[in-house]
S.K.: 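Before I ask anything, here is the structure I am working with.
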Amino acid sequence: MESLKLRNMAKISEFISNPQGNLVEMQFIYGSMAPELAKIRAFLAKIVEAGDIDRTVHSRYQTVYGIQLSFAMILNVLLRSFSIDNFMGMLEECTLLVNETIALAEDASQYRPLGSSGAPTTLVCAWAATSDIAQRKRAEQLMDEYQADFEIANWKEIARWIEKKLNDGCLSQCLPELSMFTTELELQAEDPITTPQECNVM
């Protein structure tokens with residue numbers, strides 16, 4: 001899977017620090033994620049439908065799915081900042097990714113503490129990727145629940161740190177464009193907004 005290749009995962013920090021210089025590569029990786037996420041999501045559903053769940057296999061694939069979701073949400077935020085023409089489509093897609101993350105963390109809680117050790121990391125990415133109040137509140141509730149399992153890490157502080165890194169890395173570079181885009185949306189508020197299909201990673 002392209003999104004799980006070590007050479008791509010190792011570049012997350014570089015992507016965050018210099019998104020503009022890595023746009024083409026990020027777009028390629030993000031574009032490859034739709035079938036990969038669907039494949040793992042379908043496999044997880046198949047495990048549950050089988051009835052007699054292999055808890056070890058289930059928790060491992062939940063971890064893999066969480067890693068993919070985290071990477072997808074980070075790329076979504078970075079690409080969204082430079083996709084003014086497709087901003088709303090990317091934003092709606094991020095909403096789906098965050099909802100999927102919340103559902104995954106809720107399901108993974110049955111394997112606490114060790115079997116769900118990857119869930120908090122995915123939750124902090126989800127919190128940082130969304131500004132929706134309801135989503136953030138639910139993510140915070142789940143982070144509080146998982147906090148008891150990993151007291152050495154303050155998940156809320158980590159979430160705020162990731163949010164700042166993402167903002168410093170990309171949003172600050174395109175504030176004028178985003179401001180113009182917001183003004184345009186306000187002027188066209190009565191027109192229906194459609195979601196472009198080419199960005200559909202979910």
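In this chain, numbering begins with 1 at the start of the sequence shown. Just so it is clear, the model here is predicted, and its values are computed rather than measured.
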S.K.: Mind checking the CD1-NZ spacing from I158 to K165? Nearest 0.5 Å is all I need.
M.R.: 14.0 Å
S.K.: Rounded to the nearest 0.5 Å, what separates atom NZ in K11 from atom CD in E25?
M.R.: 3.5 Å
S.K.: Are D107 and L44 side-chain neighbours, meaning at least one heavy-atom pair lies under 4.5 Å?
M.R.: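 No. Closest side-chain heavy atoms not under 4.5 Å.
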S.K.: To the nearest 0.5 Å, what is the distance between CD1 (I12) and CD (E14)?
M.R.: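 Spacing of CD1 (I12) from CD (E14) equals 11.5 Å.
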S.K.: Can you give me the closest heavy-atom contact between C125 and I74, atom names plus distance?
M.R.: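 Distance-wise, the nearest heavy atoms are SG-CD1, 4.1 Å.
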S.K.: Do you know which two heavy atoms are closest between A105 and Y146, and how far apart they sit?
M.R.: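 What the structure gives for the nearest pair is O-OH, 2.7 Å.
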S.K.: If you measure only the distance, is there a donor-acceptor pair under 3.5 Å linking the side chains of W127 and E140?
M.R.: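 E140 and W127 do have a side-chain donor-acceptor pair below 3.5 Å.
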S.K.: Are any of the side-chain nitrogens in R138 or E106 under 4.0 Å away from the carboxylate oxygens of its partner?
M.R.: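 Salt bridge between R138 and E106, a charged N being under 4.0 Å from a carboxylate O: yes.
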S.K.: To the nearest 0.5 Å, tell me how far N76 CG sits from T95 OG1.
M.R.: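 So the CG of N76 and the OG1 of T95 are separated by 8.5 Å.
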S.K.: Restricting to non-hydrogen atoms, name the atom on M73 and the atom on A129 that form the minimum distance, rounded to 0.1 Å.
M.R.: CB-CB, 4.0 Å
S.K.: Is it true that atom CZ of R60 has more than 12 heavy atoms of other residues, nucleotides or ligands lying nearer than 6.0 Å?
M.R.: no
S.K.: Where do W155 and L142 land on the side chain to side chain contact (heavy atoms under 4.5 Å, CB included) test, with the steps shown first?
M.R.: CA-CA 10 Å; W155 299 118; L142 289 167; over 6 Å; no
S.K.: With a 4.5 Å heavy-atom cut-off, do L75 and I29 have their side chains touching?
M.R.: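 Contact flag for L75/I29 side chains = yes.
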S.K.: Could you report the tightest heavy-atom contact between N154 and Q147, atom names first, then the distance?
M.R.: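 Looking at all heavy atoms of both residues, the closest pair is CA-OE1, 3.8 Å.
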S.K.: If you round to the nearest 0.5 Å, how far is CG of N22 from CD of Q27?
M.R.: 11.0 Å
S.K.: List the atom of A148, the atom of R112, and the distance in Å for their closest heavy-atom pair.
M.R.: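 Closest pair (atom of A148, atom of R112, distance): CB-NH2, 4.3 Å.
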S.K.: Working note: E157 + R160, criterion side chain to side chain contact (heavy atoms under 4.5 Å, CB included); need CA distance, chi angles, decisive distance, verdict.
M.R.: CA-CA 5 Å; E157 284 187 7; R160 286 189 288 269; 3.6 Å; yes
S.K.: Does the plane of the ring in F15 sit parallel, tilted or perpendicular to the ring in F71? Use 30° and 60° as the thresholds.
M.R.: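 F15 vs F71 ring planes: parallel.
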S.K.: Do Y65 and R41 have side-chain N/O donor and acceptor atoms under 3.5 Å apart?
M.R.: yes
S.K.: From the options V98, N99, T101, select the one residue that forms a side chain to side chain contact (heavy atoms under 4.5 Å, CB included) with T130.
M.R.: V98
S.K.: Who passes ring pair (Phe, Tyr, Trp, His ring centres under 6.0 Å) against F28, sequence neighbours left out?
M.R.: none
S.K.: Quick one, Q110 and H58 - any side-chain contact, counting heavy atoms below 4.5 Å?
M.R.: yes
S.K.: Run I67 and M9 through side chain to side chain contact (heavy atoms under 4.5 Å, CB included) and show every step you take.
M.R.: CA-CA 10 Å; I67 293 172; M9 299 294 294; 3.4 Å; yes
S.K.: Measuring from atom CG of L78 to atom CD of Q20, what distance do you get when rounded to the nearest 0.5 angstrom?
M.R.: 12.0 Å
S.K.: Can you name the closest pair of heavy atoms from I102 and Q135 and give their distance?
M.R.: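 That would be CD1-O, 3.9 Å.
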S.K.: Step by step, work out the side chain to side chain contact (heavy atoms under 4.5 Å, CB included) result for L23 and M26.
M.R.: CA-CA 5 Å; L23 279 178; M26 289 193 300; 3.9 Å; yes
S.K.: So for atom OH, which belongs to Y61, do other residues, nucleotides or ligands contribute more than 12 heavy atoms lying within a distance under 6.0 Å?
M.R.: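 It does not: Y61 OH has 12 such atoms or fewer within range.
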